[in-house]
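Have a look at the structure below before the remarks.
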Amino acid sequence: MKTRITEMLHIKYPIIQGGMVHVAEPPLAAAVSNAGGLGILTGSLWTPDELTEKIRQTKALTGKPFALNFTPTCENLEENLEVCIEEKISAVTYGRGRHTTDLVSSMLWPHGIVSIPVVATVKQAQRVEEEGAHAVIISGSEAGGHVSRVSTMSVLPLVTEKVKIPVIAAGGFADGKGLAAALALGADGIQMGTRFICTKESVAHPKTKKMILQASEADTIVTGRITGLRIRVLKNKLTEAFEDLEERKAPAQEFDRLGLGKLKLGLVGGDTDMGSVPAGQVAGTIEDIPTCKELIDRIVSQADASLKRMNTLWIDA
C-alpha cells in the first residue's frame with residue numbers, strides 16, 4: 001500500500017502512531033515500526049541523556065524508521081533536537097509554535113530529517129506548507145487529547161484540496177474502513193492514538209485499557225473549554241470535578257492544581273477515577289487488545305476490502 005507518505009518515511013503502510021505522552025515508549029514505537037507503520041516516541045518529557053537512552057532502547061528493538069514527537073512546552077527542545085541529529089532520527093512530529101517551528105527548520109532540515117507539524121485548520125496547514133514543512137497532520141475534534149473545534153471529516157477534504165504536501169489524517173481512526181475513507185478524501189495516511197493505547201505492546205495500565213474497551217462513542221468529554229486547553233478524555237470523577245470548576249468559572253490556578261500529574265496517573269497509574277484518560281470518540285469501536293502487528297495487518301486487510309468495494313460500486317453505477 002504505497003502513498004506519498006510511505007515513500008517519504010520509508011515505511012510499508014500509511015499508518016502512524018500518535019506521540020502519546022507516557023504511552024509512546026520504546027516497546028510500542030518499535031512494535032508499530034516492525035509491523036510496517038511509523039512508531040513514534042515522546043520526545044518532550046526527557047533530558048537529552050534520557051532521550052538518547054529511549055532512542056537507543058528503541059533501536060535495539062527495531063531496525064525500521066521511527067520518529068519523535070515534540071510539544072511547544074518541551075523544556076529541553078534545542079538540546080533534544082540535537083539528540084535527533086546525533087542519533088540520525090528520520091522524522092519528527094510537533095505541535096505548532098513559532099519557537100518550535102524555527103528550531104525544527106533551522107536545526108533538522110539541513111540533516112534531512114522530515115518535519116511533520118500537527119495542525120487543526122486549513123489556514124494552519126497552508127501556513128506550515130509555506131514555512132517548508134515536508135508533510136502535515138490534520139487533527140480534528142474527534143481525537144483524544146488536545147483537540148480542535150472542527151471534525152476531521154469536515155476539515156480533511158478542505159486541507160487536501162488546499163495544500164500540495166502529503167496530508168496525514170488524525171482523529172477518529174481505528175480500523176481499515178477509516179483508513180480507506182481517509183484515502184478517499186485525499187489523505188496520504190492516518191495517525192492513530194487511542195487504538196494503539198489498546199495494544200499488547202502499549203505500556204498503558206491494564207485498567208486504563210479496560211476502560212477504553214468498555215467505553216462507547218458517547219463516553220468522552222472535552223474539558224478545558226474555559227481555559228482554552230481543550231482536551232478530550234473519558235468521563236470519570238476527575239472530569240466531573242473539572243466540569244464543576246467550569247460551571248463556577250474558577251480561576252486558572254484551580255484548573256492547574258486539579259490537573260497536575262493526572263495524565264500519568266490515568267494512563268500508566270491505572271487510576272480511572274481521578275486520573276486523566278485521553279481517548280477519542282473512536283473508543284466506542286475498540287473491542288480487543290491485539291499486538292501491533294495483528295492490528296496493522298487487520299487494518300490493511302480491511303482497507304483493501306473497503307477500497308475494492310468502493311471500486312465495484314463505482315463501476316456498477
Is there a side-chain contact between [X] and [Y] (heavy atoms, below 4.5 Å)?
X: Met274; Y: Asn236; result: no
X: Leu183; Y: Leu179; result: yes
X: Asn80; Y: Leu68; result: no
X: Cys84; Y: Val92; result: yes
X: Leu185; Y: Met153; result: yes
X: Leu158; Y: Thr121; result: no

Please find the pair of heavy atoms, one from [X] and one from [Y], that lie closest to each other, and give the distance.
X: Val268; Y: Ala204; answer: CG1-CA, 4.5 Å
X: Ala143; Y: Gly171; answer: CB-CA, 3.6 Å
X: Gly266; Y: Thr208; answer: O-OG1, 2.5 Å
X: Cys198; Y: Pro290; answer: O-CD, 3.5 Å
X: Ser148; Y: Ser139; answer: OG-O, 3.5 Å
X: Cys74; Y: Phe70; answer: SG-CD2, 4.3 Å

To the nearest 0.5 Å, what is the distance between [atom1] on [X] and [atom2] on [Y]?
X: Glu129; Y: Gln126; atom1: CD; atom2: CD; value: 7.5 Å
X: Glu79; Y: Asn76; atom1: CD; atom2: CG; value: 5.5 Å
X: Ile16; Y: Thr93; atom1: CD1; atom2: OG1; value: 8.5 Å
X: Ile40; Y: Leu28; atom1: CD1; atom2: CG; value: 10.0 Å
X: Leu38; Y: Thr6; atom1: CG; atom2: OG1; value: 11.5 Å
X: Leu263; Y: Leu238; atom1: CG; atom2: CG; value: 10.0 Å

- Task: Tell me, with the steps shown, if Thr239 and Thr223 meet side chain to side chain donor-acceptor pair (under 3.5 Å).
- Result: CA-CA 7 Å; Thr239 64; Thr223 62; over 6 Å; no
According to side chain to side chain donor-acceptor pair (under 3.5 Å), does anything in [range] pair up with another residue at least two apart or in another chain? List the pairs.
range: residues 175-194; value: Arg4-Asp188
range: residues 295-307; value: Asp288-Arg298, Lys293-Asp297
range: residues 252-279; value: Arg248-Glu254

Does [Y] offer a backbone N or O that forms a donor-acceptor pair with the side chain of [X] under 3.5 Å?
X: Glu142; Y: Thr152; answer: yes
X: Asn69; Y: Gly43; answer: no
X: Glu294; Y: Thr291; answer: yes
X: Ser106; Y: Asp102; answer: yes

- Can Ile116 and Ile168 be said to form a side chain to side chain contact (heavy atoms under 4.5 Å, CB included), step by step? CA-CA 9 Å; Ile116 310 176; Ile168 300 159; 4.1 Å; yes
- Message: Test question: given the 4.5 Å side-chain rule for I, L, V, M, F, W and Y, name all other residues clustered with Leu260, or answer none.
- Response: none
Group every Ile, Leu, Val, Met, Phe, Trp and Tyr by side-chain heavy-atom contacts under 4.5 Å, then state whether [X] and [Y] land in the same group.
X: Phe66; Y: Ile113; result: yes
X: Met192; Y: Val147; result: no
X: Val233; Y: Ile212; result: no
X: Val150; Y: Ile231; result: no
X: Val282; Y: Ile137; result: no

- Query: So Leu108 and Leu81, side chain to side chain contact (heavy atoms under 4.5 Å, CB included) or not? Walk me through it.
  - Reply: CA-CA 7 Å; Leu108 302 190; Leu81 292 179; 3.8 Å; yes
Establish, from distance only, whether the side-chain atoms of [X] and [Y] form a donor-acceptor pair under 3.5 Å.
X: Thr62; Y: Asn34; value: yes
X: Ser141; Y: Ser151; value: no
X: Thr199; Y: Ser202; value: no

- Message: Under the criterion side chain to side chain donor-acceptor pair (under 3.5 Å), I'd like the reasoning laid out for Thr220 against Arg232: C-alpha separation, chi angles, the key distance, then a yes or no.
- Response: CA-CA 6 Å; Thr220 67; Arg232 185 178 295 283; 3.0 Å; yes
- Item | Qualifying residues under ring-ring contact (aromatic ring centres under 6.0 Å, His included), relative to His134, sequence neighbours excluded |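 Listed in chain order: Trp109.
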- Task: Please step through side chain to side chain contact (heavy atoms under 4.5 Å, CB included) for the pair Tyr94 and Val118, ending with a clear verdict.
- Result: CA-CA 6 Å; Tyr94 54 96; Val118 182; over 6 Å; no
Partner set under side chain to side chain contact (heavy atoms under 4.5 Å, CB included) for [X], not counting sequence neighbours:
X: Lys88; answer: none
X: Ala215; answer: Asp219, Leu234, Ala283
X: Glu25; answer: Pro27, Trp46, Lys54, Val203
X: Pro110; answer: none

- Message: Taking atom CD as the centre, does Glu50 end up with more than 12 heavy-atom neighbours from other residues, nucleotides or ligands that are less than 6.0 angstrom away?
- Response: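 Yes, enclosed.
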- Is it the case that more than 12 heavy atoms not belonging to His146 sit under 6.0 Å from its NE2 atom?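 Count not over threshold, so no.
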- Taking NZ, NE, NH1 and NH2 as the nitrogens, is one of them in Glu87 or Lys59 under 4.0 Å from a carboxylate oxygen of the other? yes
- Dump the intermediate steps for side chain to side chain contact (heavy atoms under 4.5 Å, CB included) on Thr101 and Glu131, then the final yes or no. CA-CA 8 Å; Thr101 300; Glu131 292 169 348; 3.4 Å; yes
- Could you note down all residue pairs passing ring pair (Phe, Tyr, Trp, His ring centres under 6.0 Å) where residues 178-223 supplies at least one of them, sequence neighbours left out?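 As it turns out, there is no ring pair (Phe, Tyr, Trp, His ring centres under 6.0 Å) pair with a partner in residues 178-223 once direct neighbours are skipped.
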- Query: Glu243: what forms a salt bridge (charged side-chain N to carboxylate O under 4.0 Å, His left out) with it, not counting sequence neighbours?
  - Reply: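 So Glu243 forms a salt bridge (charged side-chain N to carboxylate O under 4.0 Å, His left out) with Arg225.
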Show me the donor-acceptor pairs, under 3.5 Å and distance only, between side chains in residues 7-15 and residues at least two apart or in other chains.
none

